[in-house]
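Since the model is a prediction, treat every value here as computed from it, not as a measurement. Each residue takes its place number in the sequence, starting with 1.
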Amino acid sequence: MDSSAVITQISKEEARGPLRGKGTRAARRGLQPGHRGRREVGGRESPPGVRLGGARRSQPENERGESLDSGRLRDVGRGLAPLEHSRLLEVGKLRQGQPHPSPQQSPVQYLLPEAKAQDSDKICVVIDLDETLVHSSFKPVNNADFIIPVEIDGVVHQVYVLKRPHVDEFLQRMGELFECVLFTASLAKYADPVADLLDKWGAFRARLFRESCVFHRGNYVKDLSRLGRDLRRVLILDNSPASYVFHPDNAVPVASWFDNMNDTELHDLLPFFEQLSRVDDVYSVLRQPRPGS
């Protein structure tokens, strides 16, 4: 893959569907505690085959009107296909309430092991990576926090990673309050080394990648019922509503971040998470109307 093809493919993958970006701004404004209606700053491209977690248009196009090369994206992700739609039939009955199957049902292989003793009484928080905690690009960035080598089609490319403001403070405190799980639609070969550098405190008790998602209507969905945790004690923090479409009542939406170094979203969310860490049932808070909704 020559450099021009890489840049073209990167650009194409920046496309966002109606459940992301401007299409969800009004919805997020009503659900986002402390949301200030900041404008998103775009223009940077994501690594090819690395970040595909967002929603897609039925005929996806990016801001330049280019169509996505879906065949090429499948090639990049070969061998890491998500669960097929038929898997939804198996787990569909488990999406509400306790995730444990009845004796008549076949045992389900959960994504997470048993919670450690130190986390047994804590709520489980699923945290997204791209545009939630960091933003990554193949284009060189002068102030990149990390540079990650990623092999694509036999060629090693450098991925430039920017940390969202206040992410260090956020992860350190979240690791104290919750059983935190990194869950990203990105490939492990990119996301795992980013998490190694990002999480200095061991906040993430587990890491889940694209192969743990369910591929549903063109999106990589994070099915919380497959975690093996009581859904009344599960939260998800994600910038893409398509990622939590199965469990919107468990979501704490966050605005997408690209390169606004004055952003305070993660800092502003901490008091809300402090409150949630003390409840017995997250629905008692998240199902209540929020200011501005």
Side-chain angles (χ1 to χ4, degrees), residues 20 28-29 31-38 40-41 44 46 51 53-54 112 115-116 118-119 122-136 141 143-146 148 160-186 190-209 222 224 227 229 233-241 243-244 250-279 282 285-286 290:
R20 288 190 68 177
R28 278 203 297 263
R29 186 178 297 120
L31 294 175
Q32 174 62 49
H35 182 68
R36 292 182 168 83
R38 291 182 290 276
E40 295 179 3
V41 181
R44 287 224 175 90
S46 300
R51 169 59 172 167
L112 298 179
K116 297 179 180 179
Q118 69 203 58
D119 297 322
K122 293 180 180 178
I123 289 172
C124 177
V125 178
V126 170
I127 303 177
D128 177 47
L129 181 63
D130 294 293
E131 278 73 72
T132 296
L133 301 180
V134 302
H135 178 68
S136 299
V141 177
N143 59 334
D145 293 287
F146 314 130
I148 307 295
Y160 297 82
V161 183
L162 282 172
K163 291 164 51 176
R164 190 171 195 159
H166 305 285
V167 68
D168 291 341
E169 168 197 4
F170 180 79
L171 283 180
Q172 183 177 16
R173 186 59 180 142
M174 292 293 284
E176 296 168 354
L177 294 172
F178 300 99
E179 178 194 20
C180 295
V181 175
L182 178 71
F183 200 165
T184 173
S186 299
Y190 150 76
D192 213 24
V194 171
D196 286 341
L197 295 169
L198 184 66
D199 184 14
K200 308 173 195 175
W201 305 273
F204 296 130
R205 309 316 198 250
R207 302 174 186 178
L208 302 174
F209 306 101
K222 300 164 187 179
L224 304 182
L227 296 176
R229 300 291 186 267
R233 296 184 61 76
V234 174
L235 300 167
I236 179 169
L237 177 72
D238 204 301
N239 72 298
S240 173
S243 296
Y244 51 79
N250 294 78
V252 178
V254 61
S256 299
W257 182 81
F258 300 95
D259 60 1
N260 176 14
M261 302 314 294
N262 294 318
D263 178 85
T264 61
E265 195 88 10
L266 297 180
H267 175 79
D268 295 343
L269 280 169
L270 276 177
F272 187 61
F273 276 111
E274 294 267 2
Q275 174 191 356
L276 285 170
S277 70
R278 296 189 290 268
V279 303
V282 299
V285 175
L286 297 185
R290 303 186 206 177

Partner set under side-chain hydrogen bond (donor to acceptor under 3.5 Å, both in side chains) for K163, not counting sequence neighbours: D168

Rounded distance [0.5 Å steps], CG in N143 versus CG in D259: 8.5 Å

Main-chain N/O of N239 paired with T132 side-chain donor or acceptor, under 3.5 Å: yes

Nearest heavy-atom neighbours spanning Q118 and K122: O-CE, 3.5 Å

Rounded distance (nearest 0.5 Å) linking atom CZ of F272 with atom CG of L286: 5.5 Å

For the student: nearest non-hydrogen atoms of C124 and V181, plus distance: SG-CG2, 3.9 Å

Modelled atom types, side-chain donor and acceptor of D130 and S186, under 3.5 Å: yes

Reference residue L133; test side-chain contact (heavy atoms from CB on, under 4.5 Å); the match among L171, D128, V194, V254: L171

Distance-minimising heavy-atom pair for P165 and N260: CG-O, 3.8 Å

Parallel, tilted or perpendicular, as decided by the 30° and 60° cut-offs, for the rings of F178 and F273: perpendicular

Atom of Y190, atom of I148 and distance for their closest heavy-atom approach: O-CG2, 4.4 Å

Verdict with supporting geometry, F170 and H267, side-chain contact (heavy atoms from CB on, under 4.5 Å): CA-CA 7 Å; F170 180 79; H267 175 79; over 6 Å; no

Polar side-chain atom of R205 near backbone of A115 as donor-acceptor pair, under 3.5 Å: no

Student check: side-chain heavy atoms of V279 and I123 closer than 4.5 Å: yes

Heavy-atom side-chain proximity of K222 to Y244 below 4.5 angstrom: no

Partner residues of L177 under the side-chain contact (heavy atoms from CB on, under 4.5 Å) criterion, sequence neighbours left out: R173, E274, S277

Which residues share a salt bridge (Lys or Arg N to Asp or Glu O under 4.0 Å) with E169, sequence neighbours left out: none

Distance in Å, F146 CZ paired with Y160 OH, rounded so as to fall on 0.5 Å steps: 15.0 Å

Closest non-hydrogen atom pair, G175 against C180: N-SG, 3.9 Å

Separation of L182 CG from L208 CG (nearest 0.5 Å): 7.5 Å

Option from R229, K116, R233 for which salt bridge (Lys or Arg N to Asp or Glu O under 4.0 Å) with E179 holds: R229

Reported CD1-to-CZ distance for the pair I127 and F204, which is rounded to 0.5 angstrom: 5.0 Å

Value rounded to 0.5 Å, distance of CG in L269 from CE in M174: 8.5 Å

D238 side chain to S243 backbone, donor-acceptor under 3.5 Å: no

Check against side-chain contact (heavy atoms from CB on, under 4.5 Å), N250 and L235: CA-CA 5 Å; N250 294 78; L235 300 167; 5.7 Å; no

Side-chain touch R207/D196, heavy atoms, less than 4.5 angstrom: yes

